[in-house]
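Residue numbers count from 1 along this sequence. Just follow the structure's listing: the first ligand is 1, and inside any ligand the first atom is 1.
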Amino acid sequence: MHAGWYEADIERVIATEEQIRQQTAKLAARVAADYKDVDRLLLICVLKGAIMFAADFTRELGRLGVPVELEFMAASSYGQGTSSSGVVRVLKDIDREVVGRHVLVLEDIVDTGLTLSWLVKYLTSQGAASVEVVTMFRKPAAVRSAPPLKYVGFDIPSEFVVGYGLDYAERYREIPFVGVLKPEIYSRPAT
Ligand code: IMP
């Protein structure tokens with residue numbers, strides 16, 4: 001195998017595995033305290049980018065004894081590029097009613113917040129008792145325009161990052177940490 005094959009494509013590390021683990025534990029502890037009176041919290045993992053975070057965060061809640069259900073949704077606003085198109089496409093809806101449920105959306109990264117604003121409105125309109133968001137990463141644009149985010153792992157610069165579930169054209173999701181992709185990689189014509 002080629003350990004660290006991706007190092008040549010990564011400009012610098014934004015969050016190490018250990019930092020991600022620590023932030024996940026902190027976020028889970030806050031959520032556990034805030035939802036201690038809720039029967040079964042409904043977690044909605046936004047595919048595909050949030051899968052690593054959802055897996056780690058859900059297990060962390062389990063360790064803290066928080067009962068949850070886990071659902072998946074896929075909505076996309078990015079296609080193959082690195083800037084938001086503003087168009088949200090629902091690729092997969094949840095399989096469960098959200099009426100009366102306390103919902104926590106698990107996001108990988110919030111940039112413009114377009115995807116998320118749409119999702120929060122959608123879940124609220126479906127009759128959820130409450131809808132909050134936990135995101136591992138937040139870019140500066142989100143501080144200005146996204147719906148208020150209660151739980152944020154890391155505030156990061158406005159650069160394109162990959163790893164820990166985050167991709168560029170479906171690549172790099174398997175990298176265990178998060179790093180800035182070298183700009184020459186995404187300015188190349190797609191192959
Ligand atoms: P937004 O609608 O602009 O907030 O974009 C949200 C989605 O775009 C995220 O859920 C990611 O899938 C993707 N995205 C935004 N920034 C990045 C990045 O730096 N790397 C990889 N994907 C990103």
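Closest of all the heavy-atom pairs between Pro157 and Lys139 is O-CG, 3.9 Å. Considering all non-hydrogen atoms of both residues, Ile20 and Phe177 come closest at CD1-CA, 4.2 Å. Ala128 and Val103 make their closest contact through CB-CG2, 3.9 Å (heavy atoms, listed as atom of the first residue, atom of the second, distance).
Using cut-offs of 30° and 60° for the angle between ring planes, the Tyr186 and Phe160 rings count as perpendicular. By the 30° and 60° cut-offs, the orientation of the rings of Trp118 relative to Tyr122 is parallel.
When non-hydrogen atoms are compared, ligand 1 lies under 4.0 Å from the backbone of Glu159 (N, CA, C, O) but not from its side chain.
With salt bridges taken as basic N to acidic carboxylate O contacts below 4.0 Å, none links Lys182 and Asp9.
Under the side-chain hydrogen bond (donor to acceptor under 3.5 Å, both in side chains) criterion, Glu60 pairs with Arg63, not counting sequence neighbours.
Of the N or O atoms in Phe160, none lie within a sub-3.5 Å distance of an N or O in ligand 1. Residue Leu166 places no N or O, backbone or side chain, under 3.5 Å from any N or O of ligand 1.
In this structure, Gly49 has no heavy atom closer than 4.0 Å to ligand 1. Using 4.0 Å as the threshold, Leu116 has no heavy atom nearer than that to any atom of ligand 1.
When each atom of ligand 1 is checked for a heavy atom of Asp167 under 4.0 Å away, the hits are 21 (C). For ligand 1, the atoms sitting less than 4.0 Å from at least one non-hydrogen atom of Lys139 are 16 (N), 17 (C), 18 (C), 19 (O), numbered in the order shown with element in parentheses. If you number the atoms of ligand 1 from 1 as listed, the ones under 4.0 Å from a heavy atom of Glu107 come out as 10 (O). For ligand 1, the atoms lying closer than 4.0 Å to a non-hydrogen atom of Thr115 are 1 (P), 2 (O), 5 (O), 6 (C). Close contacts of ligand 1 with Asp108, meaning ligand atoms under 4.0 Å from a residue heavy atom, involve 9 (C), 10 (O), 11 (C), 12 (O). Atoms of ligand 1 lying under 4.0 Å from any heavy atom of Thr112, numbered from 1 in the order shown and given with element: 1 (P), 2 (O), 3 (O), 4 (O).
With hydrogens and angles ignored, the 3.5 Å screen pairs no side-chain donor or acceptor of Glu11 with any backbone N or O of Val180.
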